[in-house]
There are 2 protein chains.
Amino acid sequence: MTDSQPPAGAGAESVPPLDPAQLGTYFVLMEAVSLLQHQVEQQLRAEGGISYVQFQLLARLAHGDGPLTMTGLADGVVYSRSGLTYQAGLLEKSGLITRDPSPDDDRATLVSVTDDGRALVDRVLPGHVQVVRSLLFDPLAGDDVRHLGDVMTRVRDHMRAQPPRSAASRRRRPAP
Amino acid sequence: MTDSQPPAGAGAESVPPLDPAQLGTYFVLMEAVSLLQHQVEQQLRAEGGISYVQFQLLARLAHGDGPLTMTGLADGVVYSRSGLTYQAGLLEKSGLITRDPSPDDDRATLVSVTDDGRALVDRVLPGHVQVVRSLLFDPLAGDDVRHLGDVMTRVRDHMRAQPPRSAASRRRRPAP
DNA sequence: TATTGTTATACTCTATAACTATA
DNA sequence: TATAGTTATAGAGTATAACAATA
């Protein structure tokens with residue numbers, strides 16, 4: 001945020017580059033989380049036969065108060081309606097969730113975890129926690145954890161506040 | 001959520017749960033980065049027709065000193081050999097990289113960026129930087145950025161130092 | 001024997017568009 | 001007209017195993 005240099009190569013000169021600290025932080029953040037994601041996926045697949053997306057959906061239902069609508073469940077986990085329908089279909093087929101019509105809104109579907117679903121989360125969680133602890137928290141001090149949580153919460157909230165670029169926006173039809 | 005309870009359902013009682021701060025930090029980290037990844041993918045796809053993986057490969061070659069072997073290029077970006085061959089095939093078909101036999105090691109392939117590849121990186125970078133800045137760095141102070149970079153560097157290095165669970169390890173053949 | 005890279009194949013996942021039904 | 005959800009379908013990506021060639 002000090003002085004801005006013009007970009008070196010081609011491109012819009014209206015966009016100042018990131019300073020080196022920012023660029024490095026961005027790349028290492030993406031790299032570290034990518035590695036973490038990969039290991040976590042391995043653990044979940046090996047011990048529970050589920051993906052991280054499915055784990056998130058189950059965990060959200062298992063730790064929440066009650067059933068969620070499909071839309072409520074999708075929030076932040078899946079970026080298209082059909083994607084959630086697909087995942088919910090798999091989970092339902094495996095007997096981990098149920099889908100029932102909502103009494104309040106006849107358009108909506110209420111999703112609930114089954115006992116099997118809860119059991120699966122419980123079965124997978126210890127190993128999951130172990131992986132996360134040994135990979136993510138092992139090299140961090142308590143202060144680091146708090147600060148990381150604080151920082152990423154701000155980032156998350158900031159992104160959530162932004163109008164999503166392509167979430168609910170319907171595409172305008174070009175003239176046929 | 002104050003005192004730690006023993007795991008309710010099935011599972012290993014030898015694995016203590018994460019404390020709430022750790023669990024929250026883990027989830028918000030994954031969520032925020034997932035949102036960021038998604039937006040970044042959109043930008044790269046829209047402005048350059050490439051995925052983030054492809055962008056990483058090109059950027060690594062464009063900012064590095066010279067050609068890399070396939071194995072060197074894969075490092076941390078792709079988790080299977082065939083995955084890299086696939087991506088390299090796409091990039092080569094698009095004229096963004098070239099693959100040539102290595103003079104040093106006749107088994108190896110040396111990958112280089114073409115001028116088109118560099119041009120693409122240059123063309124895409126301003127928008128990329130803009131997205132990253134507005135989504136990730138906007139809500140952060142300079143100290144936050146440094147600390148985040150420091151923390152994630154430690155995490156990355158720690159994960160790299162761990163013996164990878166399934167990277168180069170050959171599967172042992174079960175008795176036939 | 002170990003390593004580098006490719007191929008074939010199967011599978012998972014995602015997203016777009018069209019559709020139904022309800023608010 | 002807008003929203004909730006499903007379906008069909010197509011495309012991108014990944015991983016495993018088998019393979020060839022070189023170290």
Side-chain angles (χ1 to χ4, degrees), chain A residues 34 37-38 41-42 44-46 49-57 67-75 77-94 97 99-111 164-174 176, chain B residues 34 37-38 41-42 44-46 49-57 67-75 77-94 97 99-111 164-174 176:
Chain A
S34 167
Q37 281 174 339
H38 190 250
E41 290 267 359
Q42 305 270 102
L44 290 173
R45 185 63 67 189
I50 56 175
S51 67
Y52 184 68
V53 165
Q54 291 161 355
F55 171 73
Q56 283 179 95
L57 297 175
L68 288 172
T69 64
M70 294 289 283
T71 300
L73 187 56
D75 184 47
V77 176
V78 155
Y79 300 95
S80 70
R81 295 170 166 281
S82 63
L84 179 58
T85 297
Y86 171 76
Q87 293 295 343
L90 293 181
L91 293 174
E92 192 177 43
K93 203 181 306 177
S94 304
I97 65 168
R99 280 184 287 185
D100 301 285
S102 166
D104 299 332
D105 186 334
D106 276 349
R107 296 171 302 181
T109 295
L110 289 182
V111 185
R165 249 160 224 241
S166 68
S169 69
R170 235 181 339 267
R171 171 118 355 151
R172 218 161 298 161
R173 305 247 182 87
Chain B
S34 167
Q37 280 174 339
H38 190 251
E41 289 268 358
Q42 305 271 102
L44 290 173
R45 185 63 67 189
I50 57 174
S51 66
Y52 183 68
V53 165
Q54 291 161 357
F55 171 73
Q56 283 180 95
L57 297 175
L68 289 172
T69 64
M70 293 290 282
T71 300
L73 187 56
D75 185 48
V77 176
V78 156
Y79 300 95
S80 70
R81 293 170 168 283
S82 62
L84 180 58
T85 298
Y86 172 75
Q87 293 295 344
L90 293 181
L91 292 174
E92 192 177 42
K93 203 181 305 177
S94 304
I97 64 167
R99 281 184 287 186
D100 301 285
S102 166
D104 300 333
D105 186 334
D106 275 348
R107 297 171 302 181
T109 296
L110 289 182
V111 185
R165 249 160 224 239
S166 68
S169 70
R170 236 180 338 267
R171 171 120 351 150
R172 217 161 300 162
R173 306 245 183 89

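The sequence lines fix the lettering, A, B, ..., with proteins before strands; numbering per chain opens at 1.
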Gap between atoms [atom1] and [atom2], on [X] and [N] respectively (whole Å):
{"X": "E41(A)", "N": "dC13(C)", "atom1": "CD", "atom2": "P", "answer": "8 Å"}
{"X": "D100(A)", "N": "dT6(D)", "atom1": "CG", "atom2": "P", "answer": "12 Å"}
{"X": "R45(A)", "N": "dT14(D)", "atom1": "CZ", "atom2": "P", "answer": "15 Å"}
{"X": "D75(B)", "N": "dT4(C)", "atom1": "CG", "atom2": "C1'", "answer": "15 Å"}
{"X": "D105(B)", "N": "dA20(D)", "atom1": "CG", "atom2": "C1'", "answer": "15 Å"}
{"X": "F55(A)", "N": "dT12(C)", "atom1": "CZ", "atom2": "C1'", "answer": "20 Å"}
{"X": "H38(B)", "N": "dC13(C)", "atom1": "NE2", "atom2": "P", "answer": "16 Å"}
{"X": "Q87(A)", "N": "dG5(D)", "atom1": "CD", "atom2": "C1'", "answer": "16 Å"}

Inset, instruction - Would you indicate which nucleotide in dA15(D), dA23(D), dG13(D) comes nearest to any side-chain atom of S80(B)? - result: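 Ranking dA15(D), dA23(D), dG13(D) by closest atom to the S80(B) side chain puts dA15(D) first.
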Legend entry - Validation row: V77(A), L84(A) side chains within 4.5 angstrom (heavy atoms):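 They are not in contact (no side-chain heavy atoms under 4.5 Å apart), so the answer is no.
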Inset, instruction - Indicate yes or no: at least one non-hydrogen side-chain atom of M70(B) is less than 4.5 angstrom from one of R99(B). - result: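 They are in side-chain contact.
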Inset, instruction - Provide the closest heavy-atom pair for Q54(A) versus G49(A) in the form atom of the first, atom of the second, distance. - result: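 Heavy atoms only, the tightest pair is OE1-O, 4.4 Å.
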Just list the side-chain donor-acceptor pairs under 3.5 Å for residues 101-110 of chain B, sequence neighbours left out, or say none.
residue, atom, partner, partner atom, Å
S102(B), OG, D104(B), N, 3.2
S102(B), OG, D105(B), N, 3.3
D105(B), OD1, R107(B), N, 2.9
D105(B), OD1, R107(B), NE, 3.2
D105(B), OD2, R107(B), NH2, 3.0

Inset, instruction - Using the test salt bridge (Lys or Arg N to Asp or Glu O under 4.0 Å), find all partners of E41(A) that sit at least two apart in sequence or belong to another chain. - result: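 Testing E41(A) for salt bridge (Lys or Arg N to Asp or Glu O under 4.0 Å), a comparison that skips the adjacent residues, returns none.
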Inset, instruction - Please determine if a side-chain N or O atom of S51(B) lies less than 4.0 Å away from the OP1 or OP2 oxygen of dG13(D). - result: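 Yes, S51(B) has a side-chain N/O under 4.0 Å of OP1/OP2 on dG13(D).
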Under-3.5 Å N/O pairs linking protein and nucleotides 5-8 of chain C:
residue, atom, partner, partner atom, Å
dG5(C), OP1, M70(B), N, 3.1
dG5(C), OP1, T109(B), N, 3.0
dG5(C), OP1, T109(B), O, 3.4
dG5(C), OP2, T71(B), N, 2.8
dG5(C), OP2, T71(B), OG1, 2.2
dG5(C), N7, R81(B), NH1, 3.4
dT6(C), OP1, R99(B), NH1, 2.7
dT6(C), OP2, T85(B), OG1, 2.8

Inset, instruction - Say whether, by atom type as modelled, one donor and one acceptor occur between the side chain of Q87(A) and the main chain of V53(A) under 3.5 angstrom. - result: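 No; zero donor-acceptor contacts below 3.5 Å.
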